[in-house]
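Whatever order the structure lists them in is the order used to number ligands and atoms, beginning at 1.
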Amino acid sequence: MTELGCAISGWGAALPPTVVTNTNLEKLFDTSDQWIVERSGIRMRRAATGPFVEATPLAHPPGGLGTTSALAVEAGRRALDSAGATADEVALLVLCTTTPDQAIPATSAAVAHALGTGGGAMDLNAACAGFTYGLVTAASMVSAGIGKVLLIGAETMTSVTNWEDRTNAFLFGDGAGAVVLQPVSGPGSLLGWDLGVDGSLVELLYADHGSGMVMKGKEVFRQAVRATVDSATTALRQAKVSADDITLFVPHQANQRIMHAVASRLGIPVERIASVIEWTGNTSAASIPLALIDAADAGRLAAGDLVLLAGFGAGMTWASAVWRWGA
Ligand SMILES: CC(C)(COP(=O)(O)OP(=O)(O)OC[C@H]1O[C@@H](n2cnc3c(N)ncnc32)[C@H](O)[C@@H]1OP(=O)(O)O)[C@@H](O)C(=O)NCCC(=O)NCCS
């Protein structure tokens, strides 16, 4: 039997139109642009909901980008177009999100309906590690013969932001990034991976139903660097490659200081980091696809290049993948 691999054949991003700068946040709590930039590298973020959006849209706005599903649909449509694929060719839609539109049903149902995708659809919640969890899951299913998968990371983090908490409200933003995964003959793109979770660390970052996020920032920072370095190292070892072989490092965009600390510990130069955090903030499961897509659109990737994706998030979860571009 011929070996079946998986390749990314198209991608697309979507951001809500409202830009919230650090200076805008000075109206909500005691902070400054300088403090936020120095501590996080974030200058602005996009918001789909919250105090800076004119009117909070209804769950399913006509043509708006005010919900996770709306952002996911827009990114998904662009990814299908760029792959030259039609919606009915999709065998599975995986929506990675920690901010679903509703408790029931899964938001992927609304996204599948709006796009008209074939096959199944499911949500995957591994918080900010979600997209990399989804990539490993979806690539494995493509290799098992399921067909094409539309993999989307989409979030409205502003819907779970406590706008009175200056210690974390500045970190988060909204957006979506999507890729089409399709079968290819041969070994394909997923060369190594690592998935993990430590539920004993739940209290570091959580949001109860109907209330805003609670975060122990300093401890999250420490655990994030440790977990991401360990996880990326495991994935590199499994792929039998070294950090020197990595053309593009796509870390979860949580804090520029975390991204730089992780890259430095792995021995990856800063110039090889894919970064959008300056203008998106932390978009949770959308952050890695948004950074990957930005780098791909900027021509930073050629066929055969090795990409290292590494995310961590609430749970605490972590996930890494070594991916051969254009296989
Ligand atoms: C949140 C984070 C940027 C804070 O940076 P930090 O260097 O740890 O800052 P501290 O929490 O020690 O705060 C330093 C001071 O700034 C103050 N401060 C906090 N938020 C502030 C803000 N928005 N503006 C100005 N000052 C602020 C604090 O009150 C503290 O003052 P104090 O020393 O008088 O008590 C950082 O801890 C972080 O990024 N953690 C990881 C968060 C993350 O990645 N979460 C998502 C995971 S997926």
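The residue from Arg39, Met259, Gln34 that puts a heavy atom closest to atom 9 (O) of ligand 1 is Arg39. Of the candidates Gln256, Glu219, Arg166, Arg166 brings a heavy atom nearest to atom 28 (C) of ligand 1. If you check each of Ala285, Gly313, Ser284, Gly217 against atom 40 (N) of ligand 1, the one with the closest non-hydrogen atom is Gly217.
Side-chain atoms of Glu155 and Thr99 form a donor-acceptor pair, as typed in the model, at a separation below 3.5 Å. Inspection of the Asn255 and Ser40 side chains reveals no N or O donor paired with an N or O acceptor under 3.5 Å.
The protein heavy atom nearest to atom 1 (C) of ligand 1 is Thr167 O, 3.7 Å. In this structure, atom 44 (O) of ligand 1 lies nearest to the protein heavy atom Ala254 CB, 3.4 Å. Given atom 18 (N) of ligand 1, the protein heavy atom at minimum distance is Trp35 CZ2, 3.4 Å. Of the protein's non-hydrogen atoms, Val220 CG1, 3.8 Å is the one closest to atom 43 (C) of ligand 1. Looking only at protein heavy atoms, the nearest one to atom 10 (P) of ligand 1 is Lys218 NZ, 3.8 Å. At the shortest separation from atom 45 (N) of ligand 1 among protein heavy atoms lies Met215 SD, 3.2 Å.
Within ligand 1, the atoms closer than 4.0 Å to a non-hydrogen atom of Arg257 are 5 (O), 7 (O), numbered from 1 in the order shown. Heavy-atom contacts of Asp30 reach the following atoms of ligand 1: 24 (N), 25 (C) (cutoff under 4.0 Å). Every atom of ligand 1 is numbered from 1 in the order shown, and the set under 4.0 Å from a heavy atom of Phe170 is 3 (C), 23 (N). Remark: ligand 1 atoms within the under-4.0 Å shell around heavy atoms of Phe312 are 47 (C), 48 (S). Close approach of ligand 1 to Cys128 (heavy-atom distance below 4.0 Å) involves ligand atoms 48 (S). Taking a cut-off of under 4.0 Å to the non-hydrogen atoms of Asn282, the atoms of ligand 1 that pass are 46 (C), 48 (S).
For Asn168, the heavy-atom gap to ligand 1 stays at 4.0 angstrom or more. For Leu25, the heavy-atom gap to ligand 1 stays at 4.0 angstrom or more.
Considering backbone and side-chain atoms together, Ser32 places no N or O closer than 3.5 Å to any N or O of ligand 1. An N or O contact shorter than 3.5 Å links Asn255 to ligand 1 by distance. Backbone and side-chain nitrogen or oxygen atoms of Thr31 are examined, and one is located within less than 3.5 angstrom of a nitrogen or oxygen of ligand 1.
With Asp174 as the fixed residue, the side chain to side chain donor-acceptor pair (under 3.5 Å) test singles out one of Thr156, Thr68, Thr158: Thr158.
From Glu38, atom CD reaches atom CD of Gln256 across 12.0 Å, with rounding to the nearest 0.5 Å. A distance of 6.5 Å separates CG of Leu115 from CG of Leu150, quoted to the nearest 0.5 Å. Taking CZ of Arg43 as the start and CG of Asn22 as the end, the distance is 8.0 Å to the nearest 0.5 Å.
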